[in-house]
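Worksheet: one structure, shown below.
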There are 2 protein chains.
Amino acid sequence: MKFERHDAIRELVAHSLVTNQDELRRKLRRRGFAVTQATLSRDIHALRLSKGPSGYVLPSTDVGNGAAENDGPPSVAEVLASFGLRIRQAMNQVIVGTMMGGAQPVAAALDFEEWPEVLGTIAGDDTVLVICADPRRATEVEMRLRAMLES
Amino acid sequence: MKFERHDAIRELVAHSLVTNQDELRRKLRRRGFAVTQATLSRDIHALRLSKGPSGYVLPSTDVGNGAAENDGPPSVAEVLASFGLRIRQAMNQVIVGTMMGGAQPVAAALDFEEWPEVLGTIAGDDTVLVICADPRRATEVEMRLRAMLES
DNA sequence: TCACCATTTGCATACTTATTCATTTGTGTT
DNA sequence: AACACAAATGAATAAGTATGCAAATGGTGA
């Protein structure tokens, strides 16, 4: 019966090291379950097991982020148009001033677009700090952001 | 450079669904990393990623210690292993990218350890800015942090 | 600069896992 | 019992991953 075999698989995976499906097949056979690798592949899928550096493991009980595929947060241009107030540059940094509460959305949009010149962003309530590799790139980013703000 | 590619892989795996190594290869290529599946297999092993029903996932090193024996706050090494995604350096600064919500714990751990090279830290939601006295010290800090991330 | 050594990478291929298709098995109905 | 139908399984094979080995790359000291 399939469900008894599933129980046995859970137990084997929980209490012993199972490196691959053929090893699992042999261990199951010793317990009286004689099935092929194909069936085990299906069982593992059904049991939602993961395979990692230490063999197969049971699905983690933690809350796990059900994060799915977003089809797209708002663009930097959009969010800047909504919240942006001023752009300044100093050394390798660009400082974006926004309306209160606008910094987080602006930073999120910047993060999402992953501009090559941008190493990282930090957002407060109304200020976003954009960090670049060097002053030249910071200027480049400043220009681009400013163009969006002006548009 | 290998480490930058590792950073990119961690980020892709953390923020998007990666079903297999060829998909990862294509996503990396779009970011400028052109390598073969063989290299990615090695990277995945090095990064200790697991593959489960929802594609590859980062190793879950839950910092939530059920055991009580841990006196002080978690170390930088621990908290980086849990939340760290990428390390970059520019001028006298080091930018640490983390999973959402991970910046504060990382910064707190850094503050607590009081590294001599670190003048201060600023944390947003998923980015920590570490400020050093000069580029040399920033590189030193970057190396140290990166070693912890790769461990 | 050049030579040297260690690391990293790609290629080819071995190994492992998933899937298709046909068959068997189980179950309820007449 | 015989049938019909769905679920489960095996065999073959496609799809995906890991690895030995040689070549390329990169860092280091003479």
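Lettering follows sequence order; numbering is per chain, from 1. Computed from a predicted model, the values in this text were never measured in an experiment.
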Any chance the side chains of B:E113 and B:S75 put a donor and an acceptor closer than 3.5 Å?
-> no

Touch check for B:F3, heavy atoms < 4.0 angstrom, all strands: base, sugar-phosphate only, or nothing?
-> nothing

Please list, in 5' to 3' order, the outermost nucleotides of DNA chain D lying under 4.0 Å from any heavy atom of chain B.
-> D:dG16 to D:dC21

Short question: side chain of B:Q89, backbone of B:M91 - any donor-acceptor pair under 3.5 Å?
-> yes

For A:S16, check side-chain hydrogen bond (donor to acceptor under 3.5 Å, both in side chains) against everything at least two apart and list the hits.
-> A:K27

Phosphate oxygens OP1/OP2 of C:dT17: is one of them under 4.0 Å from a side-chain N or O of A:Y56?
-> yes

Please step through salt bridge (charged side-chain N to carboxylate O under 4.0 Å, His left out) for the pair B:E142 and B:R137, ending with a clear verdict.
-> CA-CA 8 Å; B:E142 185 207 3; B:R137 273 172 256 241; over 6 Å; no

Are the side chain of B:R5 and the backbone N or O of B:F33 linked by a donor-acceptor pair below 3.5 Å?
-> no

Hits for side-chain hydrogen bond (donor to acceptor under 3.5 Å, both in side chains) against B:T36, two or more places apart or cross-chain, chain-then-number order -> none

Side-chain cluster (under 4.5 Å, hydrophobic types only) that A:M143 belongs to, other residues | none

When you measure from the side chain of A:T98 to the backbone N and O of A:G84, does any donor-acceptor pair fall under 3.5 Å?
-> no

Please answer whether the main-chain N or O of A:G120 pairs with a side-chain N or O of B:R88 as donor and acceptor at a distance below 3.5 Å.
-> no

Identify the pairs formed between an N or O of the protein and an N or O of nucleotides 23-27 of chain C at a distance under 3.5 Å, and give each distance.
none

Indicate whether any N or O donor in one side chain lies under 3.5 Å from an N or O acceptor in the other, for A:D111 and A:T121.
-> yes

Using five pairs at either end of the helix from C:dT1-D:dA30 to C:dT30-D:dA1, determine the angle between the two local helix axes and round it to 10 degrees.
-> 30°

Positions of residues 30-44 of chain A (non-hydrogen atom under 4.0 Å from DNA chain D), listed by number = A:A34, A:V35, A:T36, A:A38, A:T39, A:R42

Counting distance only, does the side-chain N/O of B:N92 pair as donor-acceptor with the main-chain N or O of B:C132 below 3.5 Å?
-> yes

Partner residues of B:Q37 under the side-chain hydrogen bond (donor to acceptor under 3.5 Å, both in side chains) criterion, sequence neighbours left out = B:Q21

Listed by chain and number, what are the side-chain contact (heavy atoms from CB on, under 4.5 Å) partners of A:V13, not counting sequence neighbours?
-> A:I9, A:V18, A:L49, A:Y56, A:L58

Establish, with yes or no, whether the OP1 or OP2 oxygen of C:dT9 is under 4.0 angstrom from a side-chain nitrogen or oxygen of B:K2.
-> no

Does A:D125 have any side-chain hydrogen bond (donor to acceptor under 3.5 Å, both in side chains) partners at least two apart in sequence or in another chain, and if so, which?
-> none

Can you sort out the partners of A:A46 under side-chain contact (heavy atoms from CB on, under 4.5 Å), two or more places apart, ordered by chain and number?
-> A:H6

Please work out which residues in residues 12-28 of chain A have a non-hydrogen atom less than 4.0 Å from an atom of DNA chain C and list them by number.
-> A:T19, A:N20, A:Q21

